[in-house]
Amino acid sequence: MSTAAKHPAWGPGTISVRAGEEGPWPGGATQVPIVNSVAFGYDDIDRWHEVALGKRTGHIYSRNTNPTVAAFEEKLRQLEGAEAAASFASGMAAISNMLWALLRPGDRVVSITDSYGGTSRLFLEFLPRYGITAELVPTGDRDALDRAVAQGCRLLYVETPTNPTLKVVDLPRAARAAHAAGAILVVDNTFATPILQRPLPLGADLVVHSASKFLGGHADVLGGVVAGRRDLVEAVFQFREINGAVLSADAAYLLIRGMKTLALRVRQQSQSALAVARFLQGHEAVSRVFYPGLKSHPGHDAAAAQMNGGFGGVLAFSLHGGFDAVRKFLPRLQLAHLAANLGSVETVAGPPRTTSHVELRAEEREALGIPEALIRYSVGIEETEDLVLDLGRALAEVMPD
Ligand SMILES: *Cc1c(COP(=O)(O)O)cnc(C)c1O
């Protein structure tokens with residue numbers, strides 16, 4: 001766990017590159033070393049005891065803390081403007097540890113119907129086994145969310161923009177509703193990243209991330225993190241010490257390396273995503289485009305108010321011609337991995353029907369406003385014009401006659 005009272009005034013691009021890397025590292029290394037050691041040895045037994053009591057800084061056992069992992073946590077902590085941060089083996093490990101650490105039997109959680117699939121399953125399937133109930137409110141319905149929270153809850157959990165139709169939750173309003181009910185607000189900031197959106201200054205108490213997406217940015221490492229109020233992160237960290245779902249030093253190193261370019265990547269991806277969304281919006285093979293950067297998107301104003309410098313690198317669109325069109329179209333893309341991840345330097349595309357929402361029935365997807373012919377498109381850092389060209393060519397080949 002990383003904590004500190006002061007946040008430097010550097011901009012996010014500077015923090016991405018430098019924060020958490022001060023060392024000193026062995027031999028004067030300028031880069032954070034991968035410290036693959038289960039334990040850390042002490043010649044001085046009294047010093048060891050002081051570290052164990054938390055009176056001195058130091059590391060004892062890597063299930064608790066590790067130097068490489070601590071560097072990653074510090075970078076993320078500063079990016080989010082958080083008091084503390086604790087990392088995990090994956091995004092789902094972060095989210096589930098956070099929920100187990102902070103909830104008790106009898107508690108109630110309010111969330112949105114568009115939460116990440118794994119998170120929704122925690123709410124609907126696993127938490128109820130321990131006497132914790134959850135109500136999922138239709139994401140666009142802000143009054144319904146306020147009402148559900150006002151009925152009393154321990155925790156309000158939201159994502160924005162959401163997967164896959166990029167719905168937008170008004171974060172300051174959600175924070176007001178949560179705090180008026182004596183609840184905490186937790187925000188999954190995976191899609192926006194701290195480059196474009198910082199929920200903590202907007203009123204959230206905790207932020208969670210799947211670091212496997214934009215933070216790592218290269219689709220080669222899983223990780224997760226919880227950041228925010230010190231007392232809450234400490235409770236989550238103490239549970240992690242026992243639960244053991246830690247990030248490895250190797251994974252932390254890849255995340256640190258990836259995050260050095262986070263600001264550059266996310267700004268480029270957002271710019272390209274807007275250009276791609278505008279191109280698709282005008283294309284006759286496309287029936288609908290979902291991107292909060294488009295003025296036609298119902299969440300555009302809220303997104304513009306709470307996001308800075310772009311609307312993110314993920315968009316979605318549906319094709320005329322139903323799933324048959326999708327089946328023909330996707331393999332014709334030369335510049336997209338057809339896969340279930342997002343946030344990578346390479347463009348990634350896939351149908352939610354096959355990826356994030358495969359376990360739902362067609363009617364359930366429809367109730368969530370997910371058309372069967374929807375494609376989620378996570379924009380990489382390829383040249384914008386090349387992506388537009390690639391999409392245009394593939395669309396031309398599946399145009400209904
Ligand atoms: C991928 C994802 C998760 C889960 O993260 P993992 O690292 O795959 O465990 C949670 N929330 C969102 C929004 C995601 O996209």
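We number each residue from 1, following the sequence as shown.
Applying the side chain to side chain donor-acceptor pair (under 3.5 Å) test to residues at least two apart or on different chains, the pairs with a partner in residues 270-282 are Gln268-Ser272, Ser272-Thr384, Gln281-Ser296. Sequence neighbours left out, the pairs with a member in residues 174-196 that pass side chain to side chain donor-acceptor pair (under 3.5 Å) are Glu80-Asn189, His179-Asp205, Asp188-Thr190, Asn189-Gln197.
For Arg198, the side-chain hydrogen bond (donor to acceptor under 3.5 Å, both in side chains) criterion is met by no residue, not counting sequence neighbours. Checked against ring pair (Phe, Tyr, Trp, His ring centres under 6.0 Å), Phe239 has no partners two or more places apart in sequence or in another chain. Applying the salt bridge (Lys or Arg N to Asp or Glu O under 4.0 Å) rule to Arg288 yields no partners; only residues at least two apart in sequence or on another chain are considered. Take Arg361 and apply the salt bridge (Lys or Arg N to Asp or Glu O under 4.0 Å) test, not counting sequence neighbours, and it matches Glu363, Glu364. With sequence neighbours excluded, no residue satisfies salt bridge (Lys or Arg N to Asp or Glu O under 4.0 Å) with Asp44. Considering only residues two or more places apart in sequence or on other chains, Tyr130 meets the ring pair (Phe, Tyr, Trp, His ring centres under 6.0 Å) condition with Trp100. Applying the salt bridge (Lys or Arg N to Asp or Glu O under 4.0 Å) criterion to Asp390, with sequence neighbours excluded, gives no partner residue. Residues that satisfy the side-chain hydrogen bond (donor to acceptor under 3.5 Å, both in side chains) test with His59, not counting sequence neighbours, are Thr65.
At least one side-chain heavy atom of Leu122 sits under 4.5 Å from a side-chain heavy atom of Met92. The shortest side-chain heavy-atom distance between Leu368 and Thr165 does not fall under the 4.5 Å cut-off. Glu159 places none of its side-chain heavy atoms less than 4.5 Å from the side chain of Phe191. Side chains of Tyr61 and Val38 form a contact here, defined as non-hydrogen atoms less than 4.5 Å apart. Using a 4.5 Å heavy-atom threshold, the side chains of His283 and His320 count as separate. For the pair Tyr377/Val289, no side-chain contact is recorded, criterion being any heavy-atom separation below 4.5 Å from C-beta on. At least one side-chain heavy atom of Leu76 sits less than 4.5 Å from a side-chain heavy atom of Met259. The shortest distance between side-chain heavy atoms of Val187 and Leu202 does not fall below 4.5 Å.
A donor-acceptor pair is defined here as one N or O able to donate and one able to accept, closer than 3.5 Å; such a pair exists between the side chain of Glu73 and the backbone of Ser87. Proximity of a side-chain donor or acceptor of Thr139 to a complementary backbone N or O of Asp114 within less than 3.5 Å is detected. Looking at His209, its side chain never comes within 3.5 Å of a backbone N or O of Ala211 through a donor-acceptor pair. Although no hydrogens or angles enter the test, the distance criterion places a donor-acceptor pair under 3.5 Å between the side chain of Arg77 and the main chain of Ala82. Remark: side-chain polar atoms of Glu74 are not paired, donor with acceptor, to backbone N or O of Gly20 under 3.5 angstrom. A donor-acceptor pair is defined here as one N or O able to donate and one able to accept, closer than 3.5 Å; no such pair exists between the side chain of Ser37 and the backbone of Phe40. For the pair Thr347 (side chain) and Gly380 (backbone), a donor-acceptor distance under 3.5 Å is present. Side chain of Arg108 to backbone of Gly152: a donor-acceptor contact under 3.5 angstrom is found. Distance alone, capped at 3.5 Å, is enough to place a donor-acceptor pair between the Ser248 side chain and the Ala251 backbone. Ser111 places a side-chain N or O within 3.5 Å of a backbone atom of Tyr157 that can act as its donor or acceptor partner.
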Between side-chain atoms of residues 214-226 and protein atoms elsewhere (two or more places apart, or another chain), which donor-acceptor pairs fall under 3.5 Å?
{"unit_1": "His218", "atom_1": "ND1", "unit_2": "Gly216", "atom_2": "O", "d": "3.0"}

Pair up each side-chain donor or acceptor in residues 327-343 with any protein partner under 3.5 Å, not counting sequence neighbours, and list the distances.
{"unit_1": "Arg327", "atom_1": "NH1", "unit_2": "Asp324", "atom_2": "OD1", "d": "2.6"}
{"unit_1": "Arg332", "atom_1": "NE", "unit_2": "Glu397", "atom_2": "OE1", "d": "2.6"}
{"unit_1": "Arg332", "atom_1": "NH1", "unit_2": "Lys328", "atom_2": "O", "d": "2.9"}

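When all heavy atoms of Glu382 and Glu346 are compared, the closest pair comes out as OE2-CA, 3.4 Å. Of all heavy-atom pairs between Val348 and Ser344, the closest is CG2-CB, 4.4 Å. Taking each heavy atom of Ala277 and Leu315 in turn, the nearest pair found is N-CD2, 4.3 Å. Across all non-hydrogen atoms, the minimal contact from Thr68 to Val35 is OG1-N, 2.9 Å. Considering all non-hydrogen atoms of both residues, Val168 and Pro292 come closest at CG2-CB, 4.0 Å. Residues Ala148 and Val137 share a closest heavy-atom pair of CB-CG2, 3.7 Å.
Few gaps surround CZ on Arg142; more than 12 heavy atoms of other groups in view lie less than 6.0 Å from it. Summarising the local packing, CH2 of Trp25 is surrounded by more than 12 heavy atoms from other residues, nucleotides or ligands at distances under 6.0 Å.
Comment: Lys55 does not engage Asp46 in a salt bridge, judged by the lack of any side-chain N to carboxylate O separation of less than 4.0 angstrom. With salt bridges taken as basic N to acidic carboxylate O contacts below 4.0 Å, one links Arg121 and Glu125.
Taken from CG in Asp107 to CG in Leu102, the straight-line distance is 9.5 Å, to the nearest 0.5 Å. Note that NE2 of His49 and OH of Tyr42 are 13.0 Å apart. Values are rounded to the nearest 0.5 Å. Remark: Leu262 CG to Lys260 NZ distance equals 13.0 Å, nearest 0.5 Å. Taking CD1 of Ile112 as the reference point, atom OG1 of Thr160 lies at 7.5 Å (rounded to 0.5 Å). Taking CH2 from Trp48 and CG from Leu53, the interatomic distance works out to 12.5 Å, rounded to the nearest 0.5 Å.
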Going through the distances and angles, do Glu83 and Val233 end up as a side-chain contact (heavy atoms from CB on, under 4.5 Å)?
CA-CA 9 Å; Glu83 289 174 356; Val233 175; over 6 Å; no
Which is it for Glu21 and Arg18 under the salt bridge (charged side-chain N to carboxylate O under 4.0 Å, His left out) test, yes or no, and what are the steps along the way?
CA-CA 6 Å; Glu21 307 211 6; Arg18 306 206 64 127; over 6 Å; no
Salt bridge (charged side-chain N to carboxylate O under 4.0 Å, His left out) evaluation trace for Asp141 with Lys167
CA-CA 11 Å; Asp141 193 340; Lys167 293 186 187 125; over 6 Å; no
Between Asp170 and Leu145, is a side-chain contact (heavy atoms from CB on, under 4.5 Å) present by the stated rule, with each step listed?
CA-CA 11 Å; Asp170 181 334; Leu145 191 67; over 6 Å; no
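Ser120 and Ser115 are not linked by any side-chain donor-acceptor pair at a separation below 3.5 angstrom, with hydrogens and angles left out of the test. Remark: the Gln238 side chain and the Glu234 side chain contain no N/O donor-acceptor pair separated by less than 3.5 Å.
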